[in-house]
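In what follows, a single structure is set out as C-alpha cells and then discussed.
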Amino acid sequence: KPLEFRWGNGAVVPVEVSAAVTMAPNRIGVTAADLATGDSRVSFSGAIENLAAPRGSFQYRARVAAADVARIAPAPELKAGWAEIAGEAYWPGGAGYSARGKVHVYDLEYRDSTVRIRNARADGNLIAGPEAIELDDARVSGDVTGVARVGGRVAKAVLRGGNLDLAGIALAGLGGSFTGRGRLAGFDRYTVDGEVAGLLASGLVATYSPAALPWDGRVSGAVRLEGSFRRKEELHVAGSLVVTPEAGRPAVRCLLDGSW
C-alpha cells in the first residue's frame, strides 16, 4: 500500500516507495531508492554517515509530469509537459537540507480561457533549501496562442512561502521585446512590471482575439499588468505607451497613458 502525504492545500498524495539499503558500523548506505506518484518519479542514492550526529549526501534524478502537478497543486491550466531535474543533495541533520542541480522543462502546455502556451521549454540551475527554491539563469521559450514564438532569459526565479518572484526577465517575440520583473502570489494573483519595445500591435491582439486589426503599429513604453488566474475579469493594465506606424499598413500614431 502506498504512503499518503498531505500537501499544503490539503490534497492527499499517494506515494509508492521502494529502497535498497546497506548497513555498516556508523553508516547507512542507500544503494537505490524510488518515490513515485502518478507518472512522476524521484530516484536517489547516497549514504547517511556518523549515526550519533547523522548527516547525509545523495545524488538524485527526478522526472515530474505536469499532469501530476496540476492534480496536486491544483493548477488545471497546466495541460501537459515534463520537468527533469538531476543533481546533488546534502542533509546536515535536523530539518535542514540543500540541493543543487540542472532543470530541463519541455513540451509544457498552459491553457486558460484567454491564453494558450504550447511547446514551452526552460533550462536553468536549481538551488533549493528549506526557505526557498531558486532557478538561476533560466533560458525559456514557448508558442503563445500559436501565433508567435517567444523566448529569452529569466535571471532569477525564487519560490518562497507560496510566492514566486521573477527578476531579470528579458524576452523577445511579437516583433519586439519585454524586460522587467514579475510576481505570482499564492499561485493565483500576478503582477508584471517592465518595458516593452517595438511589439507589433497586431501580434499582441492575436494572442487573445481571432479578429484582425485593420491597422498595425509598434508599441513601446512602460507597462504594468495585475490580475488573477482564477478570476480572469480582474485583469488590470496600466502603462505609458507610444504606438508608431508599421511600414506597409494604415498609419496609426498615438500615445496611451493610463489604466484599463
Side-chain angles (χ1 to χ4, degrees), residues 1-21 29-48 56-91 95-112 116-143 154 157-166 184 186-188 229-230:
K1 182 178 179 179
L3 299 177
E4 292 186 343
F5 295 87
R6 188 170 297 277
W7 199 250
N9 61 5
V12 176
V13 183
V15 178
E16 298 278 356
V17 180
S18 63
V21 301
V30 181
T31 306
D34 288 288
L35 308 176
T37 183
D39 293 323
S40 302
R41 179 177 299 275
V42 179
S43 302
F44 63 93
S45 61
I48 299 174
S57 58
F58 304 91
Q59 292 76 46
Y60 69 89
R61 183 176 296 275
R63 189 169 190 257
V64 180
D68 293 327
V69 176
R71 171 175 53 86
I72 296 168
E77 296 83 3
L78 281 177
K79 303 301 182 181
W82 297 90
E84 294 181 351
I85 311 167
E88 298 179 347
Y90 176 69
W91 175 58
Y97 74 91
S98 62
R100 290 179 176 270
K102 297 287 186 180
V103 177
H104 174 51
V105 179
Y106 59 97
D107 294 341
L108 190 68
E109 181 176 348
Y110 169 93
R111 185 170 70 247
D112 63 23
R116 182 180 183 184
I117 301 173
R118 300 178 64 248
N119 301 320
R121 298 172 60 91
D123 293 274
N125 302 309
L126 176 74
I127 303 173
E131 300 299 323
I133 299 173
E134 297 184 15
L135 186 64
D136 292 344
D137 194 26
R139 302 290 173 173
V140 298
S141 62
D143 297 320
V154 178
V158 181
L159 179 62
R160 180 184 287 110
N163 297 321
L164 176 64
D165 289 287
L166 307 175
L184 177 61
F187 298 100
D188 176 28
F229 285 120
R230 297 172 188 157

For [X], enumerate each residue passing the side chain to side chain contact (heavy atoms under 4.5 Å, CB included) test, keeping only those at least two apart in sequence or located in another chain.
X: Ala128; answer: Tyr97, Ala99, Ile133
X: Thr31; answer: Ala20, Thr22
X: Ile127; answer: Arg100, Glu134, Asp136
X: Arg121; answer: His104, Tyr106, Asp123, Ser141, Arg149

Could I get the full list of salt bridge (charged side-chain N to carboxylate O under 4.0 Å, His left out) partners for [X], not counting sequence neighbours?
X: Arg111; answer: Glu109
X: Arg61; answer: none
X: Asp107; answer: none

side-chain hydrogen bond (donor to acceptor under 3.5 Å, both in side chains) against Ser57, all qualifying residues, sequence neighbours excluded: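 Once residues adjacent in sequence are excluded, Ser57 has no partner under the side-chain hydrogen bond (donor to acceptor under 3.5 Å, both in side chains) criterion.
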Partner set under side-chain hydrogen bond (donor to acceptor under 3.5 Å, both in side chains) for Tyr110, not counting sequence neighbours: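 Partners of Tyr110 under the side-chain hydrogen bond (donor to acceptor under 3.5 Å, both in side chains) test: Asp112.
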Nearest-0.5 Å distance, CG of residue Leu159 to CD of residue Glu131: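 Answer rounded to 0.5 Å: 12.0 Å.
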From CG (Leu78) to CG (Leu108), nearest 0.5 Å: 6.0 Å
Side chains of Asp143 and Asn119, donor plus acceptor under 3.5 Å: yes
For Leu135 against Gly124, the heavy-atom pair lying closest together: CD1-C, 3.6 Å
Closest heavy-atom pair and its distance - Pro130, Gly96: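 Shortest heavy-atom separation between Pro130 and Gly96 comes out as CG-CA, 4.0 Å.
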Would you tabulate the side-chain donor-acceptor contacts of residues 34-42 under 3.5 Å, counting partners in other chains and residues two or more places apart, or write 'none'?
from: Asp34; atom 1: OD1; to: Ser43; atom 2: OG; distance (Å): 2.4
from: Thr37; atom 1: OG1; to: Pro14; atom 2: O; distance (Å): 2.8
from: Ser40; atom 1: OG; to: Ala65; atom 2: N; distance (Å): 2.9
from: Ser40; atom 1: OG; to: Asp68; atom 2: OD2; distance (Å): 2.6

Pairwise salt bridge (charged side-chain N to carboxylate O under 4.0 Å, His left out) hits with a residue in residues 74-88, at least two apart: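 Sorted result for residues 74-88: Arg63-Glu84.
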ring-ring contact (aromatic ring centres under 6.0 Å, His included) partners of Phe58, counting only residues at least two apart: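 With sequence neighbours excluded, Phe58 shows a ring-ring contact (aromatic ring centres under 6.0 Å, His included) to Phe44, given in chain and number order.
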